[in-house]
Participant: 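This is the structure I have questions about; it appears just below.
In each ligand, atom 1 is the first atom listed, and ligand 1 is the first ligand listed. Every heavy atom of this structure was used, including side-chain atoms; hydrogens, water molecules and symmetry mates were not.
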Amino acid sequence: MSPIDVEEDTAVISAHWREESYIRPAAQFIAQANLTDPGVFERFSEKNFPECFREYGAMLDWDQPWHTMLDSSNPPFFKWFVGGKLNACHNCVDRNLQKHRNKTAFYFVPEPEGEPVVSLTYQQLHRRVNEMAAMLREFCGLKRGDRVTLHLPMTLELPVTMLACARLGVIHSQVFSGFSASACAHRIADSGSRVLITMDAYYRGGKLLDHKRKADTTALESDKTGVKVEKVLVWRRRPGEYHSEAPMVAGRDFFVDEALAGCKRREVAPEIMDANDTLFLMYTSGTTGKPKAAQHSTGGYLAYVAGTSKYIEDLHPEDVYWCMADIGWITGHSYIVYGPLAVAATSVIYEGVPNFPDAGRPWRIAEALGVNIFHTSPTAIRALRRAGSDIPLQYNYHFKHMTTVGEPIEPSTWRWYWEVIGKREAVIVDTWWQTETGGHLCSTVPGIHLMKPGANGPGLPGIYPTIYDENGHELPPGSHTAGNICIRNPWPGRMLTIWGDDERFVKTYYARYSKPGSKDWRDWPYFAGDGALRAEDGYIRILGRIDDVINVAGHRLGTKELEAACLTVPEVAEAAVVPVPDDIKGALPEVYASLHPGVAAGEALAEKICSAIVEQIGAIARPRGIWLVPDLPKTRSGKIMRRVLTAISCGHDAGDVTTLANPEIVEELRALVRNKTAGGR
Ligand code: PRX
C-alpha cells in the first residue's frame, strides 16, 4: 500500500481548505472501545450541564463527596466539585494496588539501546513515591501549598517526584528539561520555589548531557531576583555515579539517593486536599512578556483527565500506551502521568529522541513492549515520514489507537500516519487543546465518530465550542469563514487562574467576548487564541494561533520572549521575530534585528543573538534565520509590522505597504533576504 504523497503545508490549507472524505474506524476497535454510545452527547448536553460531569467525578476516589458540581458565582473563577476532598496521588497510585498491584504502571525505556527497559509496577511506584514524599517532607520541610520546581528529564524519577509532591499537597512546577537555566530561574522566581529538583545527566541523541550544570546558573539567577533556592536535590541517572562537571555545592546540593537512604520503607499518608486546591503549575508562553503559569486544580483537573483518558485515548488497564511527548509539557502531565494512572493504564516513558540510533527505534519499542496505543505530534510524524515508509513496515507491532496533538496536521501527513504507521488498523484522534485547558476540548470520540483527515472533530461531551467573528457574532457551521474559537461553557479541566495574576487571566481568556458583571456562565466564553473553521458536520479545524505565539513542533514560544532575548545583546537596537513555515516542525522563528549606529553587521553578531536566545529560552527556540537589517518596517505610530516581515521571510506578497512610515525598507529587506546578505544566516 503506498502512502499518498501530495505535499501540502499548513498555510496553504488554511487558505484553500477543501473537505476531506470520512474514514471509518476499524470495527475491531469499536468492538472494544470504552465509549460507543452516541447518547453520551445527550447526557452531556447543555440541559444536563453541569451535573453531567458527575460521570467524570465518579471515576475518582473521594475522601469527602462534593456538594456543588459547579460554583459559577464569581465568573470566570469557576470552581468544580466544590466541597469535595481527595488526593491525586492516592487516586493515581494507592487505589490501583487493590486490583493492579503487580501490573506495570510505567515502562522506562532508556535511550541507549543496550540498557535494559525498567518495568515499575504499581506496588513499586507506591513504595518509591512514599519514600520520596517522606524525604521531601522531612529533609526539605515541604508542606501543602509550598511550590517546588522540577527540572527533570524523561526518566522514572520525574513522575515519582510529581506524585510525591501531590501526595503531600505540594504544588509541583516541572520545567521542560530542554529549557535553559534562565528559563528555569524565571519559573522558580515566579512560583516562589525554595527547592529545585534536578538530575545530574541524561541521554539524548546518543550523548550523556550534563544537566546539573544548568542548576547552578538557575540558582544564581533566581537568587538575584530575591527568591533563594535553598536546596538543590540531584537525582543521579545512575545511582552512585555522578556525571556532571558542576561540583555539588556544600549545604545546598544533595543527592536524592543519599537523602532517601533514611526514608526506606517509610509510608506517608496522602494529604486530603480540597478539590480546588492547586495540584501543579505549568508555564506557557502568551502574547506578552514572560511565560505565565497555568494553575491547575486537584479535583476538576484529575476528573477531566481521567474521563478523557478513558473515552478519547480509550485506555483500558490491559493496554500498553505510549505517548511520545515530554512530561515537561502539559501533554505529558495529563496523558502520560495523571490521566493514564488514574485509569490504571500501563504507560511508556522513553528517555531520548525518537530516531536514535535510527528511525526504526519507535517501532522496536512498540514491538518489544506490545504498545497498542500511540500518541505523538505532527512534527514527529513528519520526521518519521521523511525517514521512509518502509521502516514501520519492517516491524510487527499493531496499534489500535493513535493520537495527533499540538499543531495542525496536513491531510497528507494524517493519511500517511493512518496508512503506514497505523497500518489502516488504528483509529486516529486529532485532539485540540492547550496548557490552560488541562485536557482535550475538540476531537472525535474514537468509538463513535467517523474520522476526517486534518479536522479535529466536534466538541467533546460537555464542551460546547463556538466560533466568533471579530465582533462577537457566531459563525455558523459550514460558513467557510475562519474566526476565533471559544468554548461557551466552563469545564472541570480548565486552569483555576494564572498563578499570581488573576487580572491577566481574565484579560487574556475572557476580556474579548464576555459580559463583565454577569454572574451567568453563559456570558463567559473561554477565548482560546486560535483561529478555526467549523464545517457543516460540526467538525472543527484549527488553523493556528492568532496572537504573537509561534508554535514550534507543537510547543508555544512567545515572540515577545524571543525579542526580549535578542535585546539583551547590547549591539541590538530593535528586534522582531516572526514565524516561518517549516516542513517538519510546522513553524520556526526568524529574527529581524536592527543595530545601534556604528555597529557592523556580521556572522559573529548573528551568532551572538542566536546564543542569547538559546541560553535564555532553550535550544527549542533556535531561530531558522537571523537578519541584521538597517531598519524594521513600521507604522506611522512606530509599531513594527510583523505581518510584512512574515511575508518577506516566506517570499509572499506583503500587500499594501504604502501606509508604512518607511515603505522603502520593504524592498531593501526583500533583497537582503533573497540574496542572504547583511549578516543573514
Ligand atoms: O494552537 C493550538 C495548538 O497548540 C496550542 C496549544 O499549545 P500548548 O498549550 O503548548 O499545548 C499543546 C498540547 C495540547 C493551541 O492553542 N494545538 C494543540 N493541539 C492541536 C493544535 N492545533 C491543531 N490541532 C491540534 N490537535
Participant: Check each atom of ligand 1 against the heavy atoms of Pro408 and keep those under 4.0 Å away; list them by number with element.
Facilitator: 22 (N), 23 (C), 24 (N)

Participant: Need the ligand 1 atom indices (1-based, order shown) with element for anything under 4.0 Å from a heavy-atom of Thr331.
Facilitator: 13 (C)

Participant: Under 4.0 Å, counting heavy atoms only: does Glu407 come that close to any atom of ligand 1?
Facilitator: yes

Participant: Ignoring hydrogens, what is the shortest heavy-atom contact between Asn551 and Gly406? Give both atom names and the distance.
Facilitator: ND2-O, 2.9 Å

Participant: Hey, are Tyr301 and Ser334 close enough side-chain-wise for a donor-acceptor pair under 3.5 Å?
Facilitator: yes

Participant: Measure the shortest side-chain to side-chain distance between Thr346 and Phe106 over non-hydrogen atoms and say whether it is less than 4.5 angstrom.
Facilitator: no

Participant: Counting non-hydrogen protein atoms only, what is the nearest one to atom 12 (C) of ligand 1? Give residue, atom name and distance.
Facilitator: Gly554 O, 4.1 Å

Participant: Go through ligand 1 atom by atom and flag the ones less than 4.0 Å from a non-hydrogen atom of Asp430.
Facilitator: 24 (N), 25 (C), 26 (N)

Participant: What I want to find out is whether Asp548 reaches Arg642 closely enough, with some N-O distance under 4.0 Å, to be called a salt bridge.
Facilitator: no

Participant: Before signing off on this row, confirm whether Ile330 and ligand 1 have an N or O atom pair separated by under 3.5 Å.
Facilitator: no

Participant: Between Tyr22 and Asp537, does any side-chain donor sit less than 3.5 Å from a side-chain acceptor?
Facilitator: yes

Participant: Among Trp433, Phe53, Tyr526, Phe44, find the residue that satisfies the ring-ring contact (aromatic ring centres under 6.0 Å, His included) test when tested with Trp491.
Facilitator: Tyr526

Participant: If every non-hydrogen atom of Pro408 is compared with every non-hydrogen atom of Gly544, which pair is closest and at what distance?
Facilitator: CG-N, 4.5 Å

Participant: Answer side chain, backbone, both or neither: which part of Ile409 comes under 4.0 Å from ligand 1, heavy atoms only.
Facilitator: neither

Participant: Checking a contact table here: which protein heavy atom is nearest atom 10 (O) of ligand 1, and how many Å away?
Facilitator: Arg556 CD, 3.5 Å

Participant: For Asp530, take its heavy atoms, then give the atoms of ligand 1 lying under 4.0 Å from any of them.
Facilitator: 1 (O), 2 (C), 15 (C), 16 (O)

Participant: Going by heavy-atom distance to atom 25 (C) of ligand 1, choose the closest among Ile542, Thr404, Asn456, Thr435.
Facilitator: Asn456

Participant: Checking a contact table here: which protein heavy atom is nearest atom 3 (C) of ligand 1, and how many Å away?
Facilitator: Gly406 O, 3.3 Å

Participant: If the contact criterion is a heavy-atom separation under 4.0 Å, does Gly529 count as touching ligand 1?
Facilitator: no

Participant: Taking atom types as modelled, find out whether Asn34 and His316 have a side-chain donor-acceptor pair closer than 3.5 angstrom.
Facilitator: yes

